[in-house]
Every structure is written in C-alpha cells, then in structure tokens.
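Okay, structure first, notes after.
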Amino acid sequence: MRLTLNEVTHEFSPGRALFRPVTGTFVAGETVALMGPSGAGKSTLLAIMGGLVVPSGGSVARDGEGRACWVTQNPHGVSARLARDHVVLPLLARGSSRREAEVRSDRILDEFGLSDIGDQPFSTLSGGQAQRLMLARGVAANPALLLVDEPTAQLDQETAAEVEHSLQRLADRGILVFVATHSASTQAACQRGVHLERVSSNV
Ligand SMILES: Nc1ncnc2c1ncn2[C@@H]1O[C@H](COP(=O)(O)OP(=O)(O)OP(=O)(O)O)[C@@H](O)[C@H]1O
C-alpha cells in the first residue's frame with residue numbers, strides 16, 4: 001500500500017479551507033501522527049484518506065490492494081459479547097471457519113496483550129483494554145490502511161503507553177497506520193508526523 005496526498009485540502013463552506021494543502025507519500029508499515037489544533041480537520045483528513053469524503057482540493061492516490069479500516073475515538077463494542085467475539089467476527093466475515101477464527105483471534109489477542117480478557121464481556125473491560133481490543137479487531141479485518149482517531153484521548157499515561165505500543169504492532173504487520181492525536185506521547189510513538197495548519201484567513 002502506498003498512499004499519496006497531493007495538495008489535499010478541504011472546505012465544508014465555500015472559501016473556508018480547513019487546513020493548508022497537504023502533500024506526502026506514505027507506505028505500508030509506517031505509523032503517521034496527524035496533528036493540529038482542535039477543529040483543524042484531522043478527522044476530516046482521515047475520512048478523505050479512507051475514501052469517505054472527497055476532498056475539495058487536491059487528490060489522493062492509493063496504489064496496491066487492500067481495504068481501509070477505521071478505529072473510532074470511543075471504543076464501540078457490544079456490551080454483553082465476549083471480547084474474543086469482537087475479533088472472531090471479522091475473521092468469520094472473511095471466510096474463516098469458526099475453529100480457525102478462534103485460533104487466529106487468540107493469537108491476535110495475545111499480540112495485543114489481551115489474552116487474559118478474551119472470555120470477559122466487553123462491558124467489563126477497562127478503557128485501555130477496550131481501545132486495544134478495537135485495534136485487534138481492526139487487525140482481524142486485514143486492512144492495508146488503518147485510520148485511528150484519537151486512540152489515547154481518554155486514557156491515563158500508563159494505559160496510553162500500552163495503546164501506543166499496539167500502534168507499532170499494527171505497523172509491524174505491514175499496515176499503513178494514520179493516527180489523529182493531540183497527545184505528545186502518541187505523536188512520539190509514531191514514525192512520522194503531519195501537522196495540519198489552519199488557514200490564517202479563517203482564524
Ligand atoms: N460533515 C461536516 N459538515 C460541516 N462541517 C463539518 C463536517 N465535519 C466536520 N466539520 C467541521 O470541520 C471542522 C474540522 O473538524 P474535524 O473533526 O475534522 O477536526 P479535528 O481536527 O479532528 O478536531 P478535534 O481535534 O477537535 O477532534 C470542524 O469545525 C467541524 O465542525
């Protein structure tokens with residue numbers, strides 16, 4: 001997967017671009033922090049890269065096969081379902097047998113330090129465990145591109161560090177990972193950074 005942004009910008013209201021044009025090429029196995037003040041358009045740029053929003057300026061080129069997967073800021077799971085089932089489901093959807101999906105999901109849970117909580121209902125997980133489970137579920141969907149929105153915003157430092165470690169695990173699997181974040185430690189955990197700058201006429 002190679003993703004190229006060429007002078008990409010976006011405006012929701014005519015003449016009011018959210019951020020200065022962004023240009024860059026990003027490849028599989030990289031973690032990229034998207035930074036910038038609140039409202040600068042980080043989530044919007046994630047949506048552009050995922051093909052959910054067509055940019056009003058510039059272009060996005062994706063080379064290579066593979067789907068984009070989104071991990072939202074608030075971990076959304078099914079309260080009564082076991083943690084493991086959240087990882088099993090995308091594997092079943094991709095055609096694995098139940099048995100194969102369970103073996104693979106246990107491996108993925110282990111990789112994210114979650115092997116102890118596979119049998120717990122989602123509602124009993126801590127914030128950090130729930131967020132890591134969302135990343136593990138993302139892996140199970142086998143994406144080429146993972147778009148992660150503010151994964152550490154509501155976590156204490158120690159729990160955030162666990163999630164940041166998991167981001168690198170995703171990249172180690174050859175996934176191109178973009179992370180919208182305000183956190184200095186999450187930025188430092190990423191290999192590259194893109195700063196979104198507000199357009200001065202809008203401030
Ligand atoms: N669908 C939409 N229609 C109109 N305006 C929108 C839409 N989506 C987002 N916006 C506006 O675009 C601006 C950028 O929003 P966005 O969520 O991308 O910023 P952000 O940098 O991710 O912010 P934060 O750090 O607070 O999460 C905001 O002013 C927001 O209200």
Side-chain angles (χ1 to χ4, degrees), residues 1 3-26 30-62 67-77 125-135 137-138 141 143-168 170-171 175-203:
M1 154 72 66
L3 185 138
T4 303
L5 303 178
N6 185 19
E7 294 286 306
V8 170
T9 186
H10 193 66
E11 55 188 39
F12 285 109
S13 323
R16 291 183 69 85
L18 289 177
F19 48 84
R20 290 184 187 283
V22 176
T23 294
T25 297
F26 308 91
E30 286 186 326
T31 48
V32 186
L34 281 189
M35 301 166 278
S38 204
K42 300 181 291 299
S43 302
T44 302
L45 186 55
L46 287 181
I48 289 171
M49 291 188 292
L52 302 172
V53 170
V54 178
S56 47
S59 61
V60 181
R62 274 168 62 172
R67 78 189 85 206
C69 194
W70 185 291
V71 178
T72 56
Q73 177 168 355
N74 297 310
H76 291 296
L125 304 185
S126 71
Q129 288 170 335
Q131 191 57 266
R132 278 184 287 150
L133 183 66
M134 296 299 101
L135 296 175
R137 180 170 71 177
L145 175 64
L146 195 69
L147 306 163
V148 188
D149 205 354
E150 296 277 3
T152 54
Q154 287 141 26
L155 305 179
D156 64 45
Q157 223 174 337
E158 196 179 325
T159 317
E162 291 169 3
V163 172
E164 286 154 4
H165 183 69
S166 297
L167 293 173
Q168 187 51 48
L170 297 165
I175 301 171
L176 171 56
V177 184
F178 282 91
V179 187
T181 185
H182 288 284
S183 153
S185 67
T186 305
Q187 290 170 22
C190 292
Q191 297 159 13
R192 296 175 65 180
V194 172
H195 278 271
L196 294 189
E197 292 175 41
R198 278 226 176 90
V199 178
S200 52
S201 61
N202 290 348
V203 176

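In listed order, ligands and their atoms are each counted from 1.
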Under a 4.0 angstrom heavy-atom cut-off, which atoms of ligand 1 come close to His182? 25 (O)
For atom 26 (O) of ligand 1, state which one of Ser38, Pro37, Ser43 supplies the nearest heavy atom. Ser38
So the atoms of ligand 1 within less than 4.0 Å of a heavy atom of Lys42 turn out to be 18 (O), 19 (O), 20 (P), 21 (O), 22 (O), 23 (O), 24 (P), 25 (O)
Is there a heavy atom in Gln73 that sits closer than 4.0 Å to ligand 1? no
Nitrogen or oxygen of Gly41 less than 3.5 angstrom from that of ligand 1: yes
How many angstroms lie between atom CD of Gln131 and atom OG1 of Thr159, to the nearest 0.5 angstrom? 11.0 Å
Separation of Gln73 CD from Met134 CE (nearest 0.5 Å): 14.0 Å
Counting both backbone and side chain atoms, is some N or O of Gly39 under 3.5 Å from an N or O of ligand 1? yes
Are there protein heavy-atom neighbours of atom 14 (C) of ligand 1 below 4.0 Å? yes
Distance in Å, Thr44 OG1 paired with Glu11 CD, rounded so as to fall on 0.5 Å steps: 12.5 Å
Who's the nearest protein heavy-atom neighbour of atom 9 (C) of ligand 1, and how far? Phe12 CE1, 3.5 Å
Any side-chain heavy atom of Met49 within less than 4.5 Å of one from Leu34? yes
Starting from the C-alpha separation in whole Å, work towards a yes-or-no answer on side-chain contact (heavy atoms from CB on, under 4.5 Å) for Thr186 and Leu167. CA-CA 9 Å; Thr186 305; Leu167 293 173; 4.1 Å; yes
Taking all non-hydrogen atoms of both residues, which atom of Ala180 and which atom of Asp149 are closest, and how far apart? CB-OD1, 3.4 Å
Tell me the closest heavy-atom pair linking Asp156 and Glu158, and the distance in Å. OD1-N, 3.1 Å
Determine whether the side chain, the backbone, both or neither of Leu45 has a heavy atom under 4.0 Å from any heavy atom of ligand 1. neither
Check each atom of ligand 1 against the heavy atoms of Thr44 and keep those under 4.0 Å away; list them by number with element. 15 (O), 16 (P), 18 (O)
Return yes when Ala180 approaches ligand 1 closer than 4.0 angstrom through a heavy atom, no otherwise. no
Mind running side-chain contact (heavy atoms from CB on, under 4.5 Å) on Cys190 and Val32 for me, showing each step along the way? CA-CA 6 Å; Cys190 292; Val32 186; 6.0 Å; no
